[in-house]
Amino acid sequence: MTKRLKNGYFIYTFGCQMNERDSESLAGFLTQMGYEKVLQPEEAAVILINTCCVRESAEQKILGRLGELNKHKKADPEVIIGIGGCMVQQPGMSDKIRTSYRHVDLVFGTHNLHQLPIMIERCRQSQERIIDVWDSEGEIIEELPERSVEGIKAHVTIMYGCDNYCSYCIVPYVRGRERSRQPKDIVAEVESLVKQGVREVTLLGQNVNSYGKDLQPPISFGTLLQEVNKIDKLERIRFTTSHPKDFDPTLIEAMTKAPKVCEQIHLPVQAGSNAVLEAMNRGYNRAYYLDLISKIRQALPNVALTTDLIIGFPGETEEDFADTLDLLEKVRFDNAFTFLYSRRSGTPAAEMENQISDETKRERFQKLLKLQNKISLEQNEPLVGQVLEVLVEGPSKTNPDKLTGRTRGNKIVVFDGQEDSIGQIVSVKIEEVRTWTLLGNLEDTRP
Ligand code: SAH
Ligand code: SF4
Ligand code: F3S
């Protein structure tokens, strides 16, 4: 039987990279308080769930998990069980947890995760349940704990919130308005990560292209990229997510001038039909998107492009869907993340008529997946025989005798090599390609 450690903590994280970054902060707070990470919830004295609610499926999974955690409370009533993050910010959710999940001690939202230490302290001393979810964002908290990073890659949040109100999306309601961090704080964070051995950072925000517009004086995202590009010993910079409507020519130019910025852009299109894009409140149409892609490809011929798509948005006709397939054929993304539309209460799309049946959504999803998988493989085929720059990450999970790393286009490469190259950039000649992986052999020289 596993033994519960008095100072063990365990965090479940759902959702996007921004949530993963938040969980790193939660872990940092717990470390400052003297807690230690354990590998299983059975060993933990504090168990937290950091939640997502972007789709209903996430929410159901989380509530299921939350219910299961009752067994830890039963085994040891002193265990502290907490839940925080996006799902909890929805109206009525904290009440639901209060009444239906009585084993939960601690509920906090996206705007007050920095209060975790005080909340845990109070909980320990008084044994009372603490439910504190703020309705709106406060100041940006820069005094987050130093985090300990494992590996050579790290995420850095550059802005919080979203102002776009796409009609299907819950994020603006649970994450609040757009707020940018000061460039000096971002640069300082990246510098400290580099000192810990990080070689690649991904700058995070729901819409990084509108970074800095709210600062005094305003600064553009392209300027921020150039600042981060100056950091010594940092090898690579990536960023996500980009919103097509704000991806302006100055950013394309900034990417060409900052050599550490990788030729890789995640540019969610969501749909290929003008009617659907309009109903989604995306702020661009198909012609604009296709034109943007051709401008990007002109400036960055080797760029790898990925996207997000929503299938079965209310009112999506067969014709609309055919427009999405057609757009995929035209753009030829390297990869696409496809989601079935999920009705989120409180968003305008949830109230729209003509909701699409699950069966139709699933049929369309299968068609789209088949097409995109074919395109992804075809996009990789010309890479055979090329020598690519790979930042080595470590042993391959599926094949531990080999090493794995990523190309500048963020494609996974599996190859034979020495462990002492971890954290370095090596040249790999691509011998074979699959839909999601490239296989190759080490070349001697750095490209
Ligand atoms: N800010 C980013 C990411 C938002 S969430 C962006 O604008 O792209 C990540 C993805 O989840 C979105 O791109 C969208 O494709 C998907 N998504 C958001 N709300 C959804 C919903 N209600 N149903 C299905 N997918 C959704
Ligand atoms: Fe949601 Fe749209 Fe904001 Fe992305 S840009 S987080 S999809 S509202
Ligand atoms: Fe989910 Fe919140 Fe991210 S709703 S996708 S965890 S911003």
Ignoring hydrogens and geometry beyond distance, is a side-chain donor-acceptor pair present between Ser210 and Glu178 at under 3.5 Å? yes

Residues Ser376 and Gln372: side-chain donor-acceptor under 3.5 angstrom: yes

Asp214/Arg177 ion pair, N-O < 4.0 Å: no

Is it true that the side chains of Asn19 and Thr13 contain a donor and an acceptor less than 3.5 Å apart? no

Which heavy-atom pair separates Arg282 from Val269 by the least distance, and what is that distance? NE-O, 4.5 Å

Distance flag, aromatic centroids of Phe339 and Phe365, threshold under 6.0 Å: no

Hey, what do you get for CG (Leu438) to CZ (Arg406), rounding to the nearest 0.5 Å? 10.5 Å

How close do Ile219 and Leu224 get, heavy atom to heavy atom, and via which atoms? CD1-N, 4.1 Å

Parallel, tilted or perpendicular: rings of Phe333 and Tyr289 (30°, 60°): tilted

Quick test of your reading of the model: are Glu137 and Arg175 salt-bridged, counting only N-O distances below 4.0 Å? no

Closest heavy-atom pair, Gly315 versus Asp320, reported as atoms and distance to 0.1 Å, is O-OD2, 3.5 Å

Strictly below 4.0 Å, N to O, side chains only: are Glu59 and Arg344 in salt-bridge contact? yes

Under 3.5 Å side-chain donor-acceptor pair for Asp246 and Asn207: yes

Using a strict threshold of under 4.0 Å (side-chain N to carboxylate O), is an ion pair present between Glu316 and Lys361? no

Non-hydrogen atoms of Asn50 and Gly85 that approach each other most closely: OD1-CA, 3.5 Å

So which pairs with a foot in residues 334-343 pass side chain to side chain donor-acceptor pair (under 3.5 Å), sequence neighbours left out? Asp334-Lys411

With side-chain contact (heavy atoms from CB on, under 4.5 Å) as the test, pick out the partner of Met87 among Thr110, Leu63, Ile49. Leu63

Nearest-0.5 Å distance that lies between atom OG1 in Thr407 and atom CG in Leu383: 7.5 Å

Please list, chain by chain and in numerical order, all residues satisfying side chain to side chain donor-acceptor pair (under 3.5 Å) with Thr250, sequence neighbours excluded. Asp248

To the closest 0.5 Å, what do you measure between CD (Gln115) and CG (Leu106)? 10.5 Å

Decide, yes or no, whether a salt bridge links Lys213 with Asp163 under the criterion of side-chain N to carboxylate O below 4.0 Å. no

Atom pair CE/CG of Met119 and Leu113 - distance to nearest 0.5 Å: 10.0 Å

Can you tell whether the side chains of Glu432 and Arg434 come within less than 4.0 Å, N to carboxylate O? yes

For Ala27 and Tyr9, which heavy atoms make the closest approach, and how far apart are they? CB-OH, 3.2 Å

Please examine the side chains of Asp308 and Ile310, heavy atoms only from C-beta on, and report whether any two atoms are closer than 4.5 Å. no

Quick one: side chain to side chain donor-acceptor pair (under 3.5 Å) partners of Lys233, sequence neighbours excluded? none

Separation between CD (Glu363) and CG (Asp358), nearest 0.5 Å, reads 11.5 Å

Taking CD in Glu278 as the centre, count heavy atoms belonging to other residues, nucleotides or ligands within less than 6.0 Å. Is the count above 12? no

Does the side chain of Ser25 pick up a donor-acceptor pair with the side chain of Arg21 at under 3.5 Å? yes

If you count every heavy atom of other residues, nucleotides or ligands that lies below 6.0 Å from Glu150 atom CD, does the total exceed 12? no

State, with a plain yes or no, whether a side-chain heavy atom of Phe108 is found less than 4.5 Å away from one of Ile130. no

Calculate, to the nearest 0.5 Å, the distance between atoms CG and CG belonging to Leu116 and Leu26 respectively. 5.5 Å

Does a donor on one side chain sit under 3.5 Å from an acceptor on the other, for Thr306 and His266? yes

